[in-house]
Amino acid sequence: MTVGVENDRVVSLEPDTSRYPYDEGIMKTCLRWKKNLEVLESPERVNYPLKRVGERGSGKWQRVSWEEALDDIAERLKNLSEKQGPQTLSSSIGGPHASYWPLHRFLNLFGTPNNMGIGQICWNPHIWTDSIIFGWPVEADLNLELTKSVFLWGTNPADSDNSLFWRSLLNLKKLNIPLVVVDSRKSKTAKRADLHLMIHPGTDNTLALSMIHVIIEEEIYDKEFVDRWCKGFDELAQRAKDYSPEKVSEICRVPADDIRQAARIFAQNTPTTLLSGRGLDQLGPNTVPTHRCLASLRAITGNIDRPGASYINDRSDFIPEVELEMSSSLSQEQRDTSLNKDLLSLQTYEGYERVCSDTKKRGRVLPMRYLTSAHPDLVWKAMIEEEPYPIKALIVMGCNPVLTYADTNRVVEALRSLDLLVVLEYYKTSTAQLADYILPSAGALERPLFQAHGGVANFAYGGPAAVKPYYERRADYEVFRELGIRLGQEKYWPDETMEEAFARTLEPSGMTWEEFCVTGNYFRHPGYFKHEDKDEDGNPLGFGTCSGKIELASDVLEELGYERVPSGDIGQASRLRYQEKITDKVAAYQDQYAETVDHSECLDNVFDLILITGARVQPFYASSYFQDEEFRKLHPYPLVEMSEKTAADHGLVGGDTVAIVTDKGEAVFKTHICEMIDDVVSAEYGWWYPEIEEGEAHELSGAWNSNINVITSSDATKFDYLVGTWSYNGIPCAIRKVETELPTL
Ligand SMILES: Nc1nc2c(c(=O)[nH]1)N[C@H]1C(S)=C(S)[C@@H](COP(=O)(O)OP(=O)(O)OC[C@H]3O[C@@H](n4cnc5c(=O)[nH]c(N)nc54)[C@H](O)[C@@H]3O)O[C@H]1N2
Ligand SMILES: Nc1nc2c(c(=O)[nH]1)N[C@H]1C(S)=C(S)[C@@H](COP(=O)(O)OP(=O)(O)OC[C@H]3O[C@@H](n4cnc5c(=O)[nH]c(N)nc54)[C@H](O)[C@@H]3O)O[C@H]1N2
Ligand SMILES: [Mo]
């Protein structure tokens, strides 16, 4: 955007038509870019550091100076660390709103391994599996001149990604490029599909194995590529034998003929581009097997690092995230206090070192903090039960865990048990209302931005700040630097401003910060067929994996106690083998939960429906923009979607108010009838009511009315023990009609 500035205030915002990726269609349909001006001026913004003076959550605050706030926070962190050890500090981050490495650097230097994120259900599963199977993350390579078919699996870019990618998809029909969508709903994207597989939630690994079955049975796989570059094809073929489309169609509720057709398109209309999304990242123990199956599909059809199909990213030309985070400054002794240790096998420092020892063969190192981040449920446990040790302090940045993490009651209980909760925010969110300090953050127009995707791609976007922060808002970077300096970290924070830090990050690329800001965009295409690159002796370098080939059967995963080839719902036995290998620590953890969970209501006849959550809708973004009157009028109620048959079976019609019930509690939504698979309901996420005064009846501005995460769970009975992925999709539930009035603006 071009920002008009007068006297240090923003007076106008216009799309900058001269810059990539300007697109008229995007700017016309995007509702949020225009809001930047209102967000800057919003009367609801927090403009000064606030210190809690009343009871936690009572809405009583005192304005304090930055000096006072930072001195006190530093002092209290120091005392807690001396008493409990530095691991008593945790942090929590959300979606990709800002640069998180300054927070992570602060934590590494402070000496705690316990940062939290939502990576286990967004991003990490795919980064981990691609790295193990291909040696590095893989990107879809949609090229309208080359691509011959497109698969969108568990993603709905029509609502979640109004970008050039989505705009390109609008051309597929005209170009006769078939679009196949795998989604439990007839989403806006699925409506454009030539073939829509309306799948039963959480059975995607089973479906993908059946496509593999067809491709192998019909011998339409890429034999030459498989022979040359894939390891474990026979094992995979053996596994896929059980997954005939006829058998699988009952599990996935997709017609056998459609499975065959999808398999043939995938293998024969090549190059095939495949993009998967959050529908798959949030399936608990089925997530990693699903990503492995999709990777296998790409591999056996030769759709890897090939124009129009996909490319393997390259590491970035910038200082890698792992160095920015200063991850090497966390000692082994401190790493050993990580809550994940011995519980998860991949999302740990040991898992990270194991995988990176292979990716390094091709000069690539993953970001460490995201991929070792502590499992939220373990952090809540350490806060509430002080097991295995007390966590007493939490820093929240770019995140609203009361709305977006699973099991709101547990989150709030944990936050209430803290000695120190610091929240860096724009608004008094439900989470911020529980804080000891709310620190006012500078927003999009008030601070520079440099987003580099964790360094797993040679790509960055960003730009300068348009104005200095209004009031006393501050850039997140400066807050962590200031805190760091107060805790003896000065020599590790040489750059006074974010611009200087970004300039340093860019140095290896030969670009200055000013040069970067001219385009605000950096992208170097990594090229294709990089496995064929030669070493000094003329031998191909291969993939950055343990065998140098594509790991259809994985030694690394086997070492970590997992199955060598993925399975689906028919192959439960092989997942049980993994269960047999679980550590004593996992067994003890599961036993503890078995005692606390009341299964009396979990009988199938009570929970007769399957819940999926968080399918993106416009104009909201997670829990953000609910203050906006125009947006609220456009979309006044939290909706739960279901098919006409599902509604009728439950005596409902569109517009009825219903409570959705799980073993965790209930949340209230309005029924919306749409085309989707029967016996499944799909609820929106992020709903709260900022207009409800803070402090009022301790409701945290409506955190318990229609917040779907009141009824989700990330506890030990639900997550997978490799990455720690829990379920936001595929949850047993019930619905019943209620008379509750929902708040409206
Ligand atoms: N049930 C269910 N839950 C889900 C999901 C789901 O599908 N279903 N999806 C999950 C996924 S994929 C994600 S990524 C998460 C998203 O979860 P969050 O990231 O927690 O969601 P947001 O509402 O975007 O919260 C971001 C907060 O950060 C603030 N903020 C924005 N930019 C900045 C900044 O630069 N600095 C600071 N300090 N603050 C900033 C905003 O005001 C906002 O309150 O939700 C997860 N939760
Ligand atoms: N408007 C808006 N845009 C956003 C966001 C937002 O909050 N609002 N959030 C951003 C973030 S953090 C993320 S991670 C991305 C996510 O963007 P996407 O990856 O596109 O995720 P969703 O929009 O949740 O779409 C997931 C789709 O998967 C389907 N689905 C659910 N369960 C299953 C299943 O078991 N199998 C299959 N095959 N499909 C299933 C759902 O019906 C839904 O259509 O969007 C980003 N963009
Ligand atoms: Mo996300």
Side-chain angles (χ1 to χ4, degrees), residues 30-32 39 45-46 92-100 103 117-119 121-123 152-163 166 181-190 197-204 207 252 275-283 286-287 290 396-406 423-432 439-444 446-447 449 473-476 479 610-627 641 676-677 680 682-686 688 707-709 711-712 727-731:
C30 176
L31 295 166
R32 288 196 295 265
V39 167
R45 282 284 288 267
V46 181
S92 119
I93 60 169
H97 309 291
S99 296
Y100 290 124
L103 164 65
I118 38 70
I121 48 89
C122 178
W123 205 63
L152 298 178
W153 204 312
T155 180
N156 176 25
D159 283 305
S160 67
D161 181 18
N162 181 26
S163 70
W166 169 246
V181 173
V182 187
D183 197 306
S184 314
R185 302 179 307 136
K186 187 126 227 122
S187 64
K188 265 189 222 158
T189 306
L197 308 185
M198 207 182 312
I199 189 171
H200 193 62
T203 63
D204 301 83
L207 176 71
C252 304
L275 183 78
S276 72
R278 288 309 92 80
L280 308 186
D281 276 3
Q282 308 181 336
L283 297 174
N286 272 2
T287 288
T290 300
V396 177
M397 169 188 166
C399 185
N400 188 4
V402 172
L403 268 299
T404 56
Y405 280 49
V423 179
L424 283 68
E425 251 299 348
Y426 300 158
Y427 296 103
K428 281 188 193 160
T429 60
S430 306
T431 303
L439 301 179
S441 301
E446 303 167 290
R447 53 143 163 80
L449 180 76
R473 301 171 193 165
R474 274 198 193 177
D476 300 314
V479 177
I610 293 292
L611 170 67
I612 59 181
T613 71
R616 271 55 177 165
V617 292
Q618 295 292 354
F620 299 116
Y621 189 107
S623 69
S624 299
Y625 297 94
F626 283 85
Q627 295 89 353
E641 298 181 330
M676 61 183 282
I677 192 162
V680 174
S682 169
E684 291 173 0
Y685 91 121
W688 60 302
N707 170 6
I708 196 65
N709 282 325
I711 67 171
T712 62
S727 298
Y728 279 149
N729 295 323
I731 304 164

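Each residue takes its place number in the sequence, starting with 1. As the structure lists them, so they are numbered: ligands from 1, and atoms in each ligand from 1.
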- Numbered in order shown, the ligand 2 atoms found under 4.0 Å of a heavy atom of D159 are 1 (N), 2 (C), 3 (N)
- Message: Suppose I only count heavy atoms of L283 and a 4.0 Å limit; which atoms of ligand 2 are within that range?
- Response: 35 (O)
- Under 4.0 Å between heavy atoms, the region of W123 that gets near ligand 2 turns out to be neither
- Any idea which part of T155 is under 4.0 Å from ligand 2, heavy-atom wise: side chain, backbone, both or neither? both
- So is there a nitrogen or oxygen of L280 less than 3.5 Å from a nitrogen or oxygen in ligand 2? no
- Message: Yes or no: does S184 have any heavy atom under 4.0 Å from an atom of ligand 2?
- Response: yes
- Item | Proximity to ligand 2 by part of V617, non-hydrogen separation under 4.0 Å | backbone
- Per-atom filter on ligand 2: closer than 4.0 angstrom to a heavy atom of G277 are 19 (O)
- Query: Looking at ligand 2, does any of its N/O atoms fall within less than 3.5 Å of an N/O of D161?
  - Reply: no
- Item | Minimum non-hydrogen distance to atom 6 (C) of ligand 2, winning option of K186, R616, R185 | R616
- Query: Hey, is A622 touching ligand 1 through its side chain, its backbone, both or neither, going by heavy atoms under 4.0 Å?
  - Reply: both
- Based purely on interatomic distance, does L424 place a nitrogen or oxygen under 3.5 Å from a nitrogen or oxygen of ligand 1? yes
- Query: Can an N or O of T613 be found at a distance shorter than 3.5 Å from an N or O of ligand 1?
  - Reply: yes
- Query: For atom 35 (O) of ligand 1, which candidate among H97, E684, E446, R447 provides the closest heavy atom?
  - Reply: R447
- Which ligand 2 atoms, with their elements, are less than 4.0 angstrom from a heavy-atom of Q618? 1 (N)
- Can you find an N or O of I121 that's nearer than 3.5 Å to an N or O of ligand 1? no
- Is any side-chain heavy atom of S624 less than 4.5 Å from a side-chain heavy atom of Y427? no
- Message: At under 4.0 Å between heavy atoms, is it the side chain or the backbone of W166 that contacts ligand 2, or both, or neither?
- Response: neither
- Atoms in ligand 1 flagged as close to S441, the criterion being non-hydrogen separation under 4.0 Å: 37 (C), 38 (N)
- Query: Are the side chains of T712 and I731 in touch, meaning some heavy atoms are under 4.5 Å apart?
  - Reply: yes
- I199 N/O under 3.5 Å from ligand 2 N/O: no
- Message: Below the 3.5 angstrom mark, is there an N/O of R278, backbone or side chain, next to an N/O of ligand 1?
- Response: no
- Pull out every atom of ligand 2 sitting under 4.0 Å from any heavy atom of I612, numbered as shown with elements. 31 (C), 32 (N), 42 (O)
- Protein contact of atom 34 (C) of ligand 2 - nearest heavy atom, named by residue and atom, plus distance: D204 OD1, 3.6 Å
- What part of C122, side chain, backbone, both or neither, has a heavy atom within less than 4.0 angstrom of ligand 2? side chain
- Mode of N156 contact toward ligand 2 - side chain, backbone, both, neither (heavy atoms, under 4.0 Å): both
- Message: Taking distance alone, with N or O pairs closer than 3.5 Å, would you say N400 contacts ligand 1?
- Response: yes
- Using heavy atoms and a threshold below 4.0 Å, how should the contact between D476 and ligand 1 be classified: side chain, backbone, both, or neither? side chain
- Item | Heavy atom of G686, distance to ligand 1 below 4.0 Å | no
- A student comparing Y621, Y625, F620 should find that the heavy atom closest to atom 1 (N) of ligand 2 comes from F620
- Item | Element-labelled atoms of ligand 2 that are located less than 4.0 Å from some non-hydrogen atom of V182 | 38 (N)
- Message: Going by the closest heavy atom to atom 17 (O) of ligand 2, which one wins out of A190, S160, G95?
- Response: S160
- Task: Please identify which atoms of ligand 2 are closer than 4.0 Å to at least one heavy atom of R32.
- Result: 1 (N)
- Which segment of I708 sits under 4.0 Å of ligand 1 when only heavy atoms are counted: side chain
- Among G154, G614, A158, G730, which residue places a heavy atom closest to atom 39 (N) of ligand 2? G154
- Item | T712 N/O to ligand 1 N/O under 3.5 Å | no
- Among D183, L31, V181, whose heavy atom sits nearest atom 41 (C) of ligand 2? D183
- Message: Taking distance alone, with N or O pairs closer than 3.5 Å, would you say P201 contacts ligand 2?
- Response: no
- Enumerate the atoms of ligand 2 whose separation from the nearest heavy atom of Y685 is less than 4.0 angstrom. 7 (O)
